[in-house]
Amino acid sequence: MSDVVRVRFAPSPTGYLHIGGARTALFNWLHARHTGGKFILRIEDTDHARNSEAAVEVILSGLRWLGLDWDEGPETSVTSGPSRGEFGPYFQSQRTNRYLARASDLKAAGHAYERDGALFFRMPRDPITIEDRVVGNVVRPLTDREELDPDWVLIRSDGQPVFHFVNVVDDLEMGITDVIRGEDHLSNTAKHIALFRAFGVAPPRYAHIPLILNDDGSKMSKRNLGASLQHYIDQGYAPEAVSNYLCLLGWSPKDGQELFTIPELVARFDLASVNRSNARFDLKKLDHIHFEHTRRMSRERFVELGIQSLRVRGIETGNFPASYVASALLTAQEKGKLFSELPIWTDFYFKADPEIIPDEETRAKALSASAKPQLEALLAAYSSVPEFTAPALEAGLKGLATQLGVKVGALVQPCRAAVTGKLVGPSLYHLLEVLGPEKVMVRLQSAIDRMTA
RNA sequence: GACCCUAUCGUCCAGCGGUACAGGACAUCGCCCUUUCACGGCGGGGACACGGGUUCGAAUCCCGUUAGGGUCGCCA
């Protein structure tokens with residue numbers, strides 16, 4: 001083949017995208033983009049029992065969510081649907097004739113033979129050296145069980161080819177130059193190398209990356225909630241934060257930088273500085289990375305993600321002016337919270353005034369009868385504020401506090417509770433400005449009316 | 001059972017024979033700031049798994065032990 005790098009991500013449609021698989025895809029994608037190579041997506045749906053269109057869709061949408069676009073591969077989850085690239089089909093279930101042809105080649109060359117109705121590969125007895133770009137040279141001798149019978153199945157007696165075989169055939173035929181995958185494949189790489197040699201070609205370059213473990217060091221299984229990428233999508237993490245964090249698990253740029261945009265990652269990522277030891281998934285650190293990304297991302301990006309997030313959670317912003325929606329959401333950006341929490345911070349912007357109903361705790365802490373005179377005074381002050389802007393509102397409130405001889409908080413919290421119905425939220429003066437004088441006045445008055453005294 | 005990989009603060013990384021009573025980030029603790037929640041600032045505690053070598057000198061190299069992970073399927 002040419003010397004352009006060709007890497008692939010070859011997931012099996014199991015119904016979810018494992019977080020480790022997502023990182024494998026990310027490393028492959030980064031390697032391709034960094035080297036100007038091609039990133040290929042191939043669906044390993046040889047196990048018909050657990051293959052379904054929905055399961056493929058989970059993979060495609062997961063990759064898209066992360067921003068990992070593929071140069072070759074399926075465009076939809078439909079097995080016989082459209083695809084990009086010259087080396088298709090990209091669904092293994094559509095490539096059976098190729099496997100069968102390759103199998104007979106091996107048989108003709110004496111590398112395979114039939115036994116018990118299945119086709120077996122004649123595995124070399126000598127140790128095989130795996131030259132790995134991450135792990136180094138690994139000599140893999142046969143295990144005691146393999147010594148008993150080193151040969152292994154290429155085609156099952158029911159006619160179905162097995163994973164190791166199709167994987168190698170596809171990598172060969174698709175011109176894959178670099179195989180980047182989880183370390184769980186390291187031992188089996190000897191089989192793959194032997195197959196490539198049997199086909200008379202040099203194996204691709206290998207890079208086995210360390211695995212992601214649970215925070216207690218145990219292996220991540222499907223049962224663990226955090227093992228699925230979908231979990232992080234649902235929790236409202238920014239995609240760029242997840243990519244960034246995933247990269248940090250097993251890779252570092254050596255200079256201590258931890259926060260990267262995707263373009264920076266593309267520029268700086270290199271296989272050579274990938275670690276050799278497994279890493280535990282630390283949710284706290286992910287939260288921190290998300291926090292930093294969320295605060296730094298462009299306003300446009302934040303608003304885009306925010307509107308999506310609110311819609312998913314039942315808050316439709318389409319009925320409000322775009323500028324109002326943007327201003328409203330932006331008051332929550334500095335909080336850096338998960339997008340799943342956005343309704344908690346901004347729902348009051350999109351509620352009708354009568355829907356602002358403080359709960360019992362809020363009433364007790366901020367809207368007790370004793371606060372009524374202060375709220376009335378604030379309402380009066382705000383009725384005559386020179387302009388309804390955050391600085392003017394702040395000055396007005398602080399001036400009133402001085403005048404009344406009370407602490408600022410004695411006015412802030414009742415006001416916040418009255419207009420938002422909550423004790424916590426965005427910066428008070430900014431949210432008041434965004435809300436506008438009409439809503440603020442109405443809400444202050446309703447709160448006053450409800451206060452007994 | 002065999003084979004393979006790995007081993008630095010609680011976690012993720014830096015370190016790749018001497019510049020190190022081991023540096024950064026997250027977490028944690030204390031103080032400060034503060035209109036809520038936060039943010040921010042300052043400071044503290046916290047690690048080279050263990051045992052042998054090699055060397056003038058070892059977190060760094062070698063061997064062993066232990067621990068964790070992986071593989072050895074007519075699963076992928």
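When each of B:rA2, B:rC4, B:rC37 is scored by its nearest atom to the side-chain atoms of A:Asp144, the top-ranked nucleotide is B:rA2. Across B:rU36, B:rG69, B:rG40, the shortest atom-to-atom separation from the side chain of A:Arg416 is found for B:rU36. Candidate nucleotides B:rU35, B:rC74, B:rG40 were compared by shortest atom distance to the side chain of A:Phe291, and B:rG40 ranks first. The listed nucleotides are B:rA14, B:rU36, B:rA76; the one nearest the side chain of A:Ser252 is B:rA14. Across B:rC12, B:rG40, B:rU36, the shortest atom-to-atom separation from the side chain of A:Ser427 is found for B:rU36. Set against B:rC5, B:rU35, B:rC12, the side chain of A:Lys285 has B:rC12 as its closest nucleotide. Nearest to the side chain of A:Thr46, among B:rG40, B:rA76, B:rC5, sits B:rA76. When distances are taken from the side chain of A:Gln413 to each of B:rC37, B:rU35, B:rC74, the shortest belongs to B:rU35. Each of B:rC3, B:rA7, B:rC26 was ranked by its minimum atom distance to the side chain of A:Asp282; first place goes to B:rC26. The side chain of A:Ala279 lies closest to B:rC12, out of B:rC37, B:rC12, B:rC72.
One cannot find a donor-acceptor pair under 3.5 Å joining the base of B:rC72 and the side-chain atoms of A:Ser187.
Contact annotation: A:Lys254 reaches the phosphate of B:rA14 (side-chain N/O to OP1 or OP2, under 4.0 Å). When the side-chain nitrogen and oxygen atoms of A:Arg156 are compared with OP1 and OP2 of B:rA76, one or more of them lie within a distance under 4.0 Å.
Heavy atoms of A:Trp345 sit under 4.0 angstrom from at least one base atom. Within the 4.0 angstrom heavy-atom criterion, no nucleotide atom of any strand lies near A:Gly336. Counting non-hydrogen atoms under 4.0 angstrom, A:Ser277 reaches the backbone sugars and phosphates but no base. Residue A:Gly256 is classed as having no contact, given no heavy-atom separation below 4.0 Å to the nucleic acid. Within 4.0 Å of A:Glu258, counting heavy atoms only, lies at least one base atom of the nucleic acid. If you check every strand for non-hydrogen atoms under 4.0 Å, A:Leu423 touches a base. Using a 4.0 Å heavy-atom criterion, one finds that A:Asn275 contacts the sugar-phosphate atoms exclusively.
Nucleotide B:rC12 holds its P atom 12 Å from the CZ atom of A:Phe281, rounded to whole Å. Remark: C1' of B:rC13 and CZ of A:Phe260 are 11 Å apart, rounded to the nearest angstrom. For A:Leu428 and B:rA38, the CG to C1' distance is 15 Å, given to the nearest whole Å. As rounded to whole Å, 14 Å separates atom P of B:rC12 from atom CD1 of A:Ile289. Atom pair A:Met123:CE and B:rG73:C1' shows a separation of 15 Å (rounding to whole Å applied). The separation between A:Asp184 atom CG and B:rC72 atom P is 10 Å, rounded to whole Å. Rounding to whole angstrom units, CG of residue A:Asn188 and P of B:rG69 are separated by 19 Å. Following rounding to the nearest Å, A:His164 (NE2) and B:rC75 (C1') show an atom-to-atom distance of 9 Å.
Annotation: A:Phe260 is in aromatic contact with A:Trp251 [ring centroid separation under 6.0 Å]. Aromatic pair A:Phe121/A:Trp152: centroids less than 6.0 angstrom apart. The ring of A:Tyr16 has its center no closer than 6.0 angstrom to the ring center of A:His231.
Here, B:rA25 and B:rA47 have their C1' atoms 15 Å apart, quoted to the whole Å. B:rU60 sits 15 Å from B:rG15 when the P atoms are compared, rounded to a whole Å. The separation of B:rG43 from B:rU19, taken at their P atoms, amounts to 25 Å, rounded to a whole angstrom. Between the C1' atoms of B:rC4 and B:rG41, the separation comes to 49 Å (whole Å). As rounded to the nearest Å, B:rG23 and B:rG1 have C1' atoms that lie 44 Å from one another. If you take atom C1' in B:rC50 and the same atom in B:rA7, they sit 12 Å apart, rounded to whole Å. When the P atom is used for both B:rG70 and B:rC12, the distance is 16 Å, rounded to whole Å. Using C1' as the reference atom, B:rC75 and B:rU65 are 35 Å apart when rounded to the nearest Å.
The 12-atom threshold is exceeded at CD of A:Glu376, counting heavy atoms of other residues, nucleotides or ligands nearer than 6.0 Å. Within a 6.0 Å radius of CD in A:Gln257, other residues, nucleotides and ligands contribute more than 12 heavy atoms.
In this structure, A:Leu213 and A:Lys284 both approach RNA chain B, and ranking their closest nucleotides by distance from the 5' end singles out A:Lys284. For the pair A:Lys398 and A:Glu334, nearest-nucleotide mapping onto RNA chain B gives the more 5' position to A:Lys398.
Both distances falling under 3.5 Å, in either a Watson-Crick or a G-U wobble arrangement, place B:rU71 opposite B:rA2. Using Watson-Crick or G-U wobble geometry with both donor-acceptor distances under 3.5 Å, B:rC37 finds no partner in any strand shown. With a cut-off of 3.5 Å on both Watson-Crick or G-U wobble distances, the partner of B:rC12 is given as B:rG24. Using the Watson-Crick or G-U wobble rule with both distances under 3.5 Å, B:rU54 pairs with nothing in any strand shown. Base-pair partner of B:rA49: B:rU65 (Watson-Crick or G-U wobble, both distances under 3.5 Å).
A heavy-atom distance below 4.5 Å is not found between the side chains of A:Ser340 and A:Tyr237.
Classification of the A:His192-A:His164 ring pair by plane angle, with boundaries at 30° and 60°, yields tilted. Ring geometry for A:Phe281 against A:Tyr245 counts as perpendicular: the plane angle is over 60°, on a 0 to 90° scale with 30° as the lower cut.
Within residues 236-246 of chain A, no residue is approached by RNA chain B to less than 4.0 Å at the level of any non-hydrogen atom.
B:rC31 shows a glycosidic angle more than 90° from 0 and is accordingly assigned anti.
A:Phe87 does not carry A:Arg8 over the face of its six-membered ring by the limits of under 6.0 Å from the centre and within 45° of the normal.
Looking at residues two or more places apart in sequence or on another chain, you find a side-chain hydrogen bond (donor to acceptor under 3.5 Å, both in side chains) between A:Arg115 and A:Tyr113, A:Asp149.
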A:Glu341 vs A:Lys335, test: salt bridge (Lys or Arg N to Asp or Glu O under 4.0 Å). Steps then yes/no. CA-CA 10 Å; A:Glu341 300 175 59; A:Lys335 300 297 178 184; over 6 Å; no
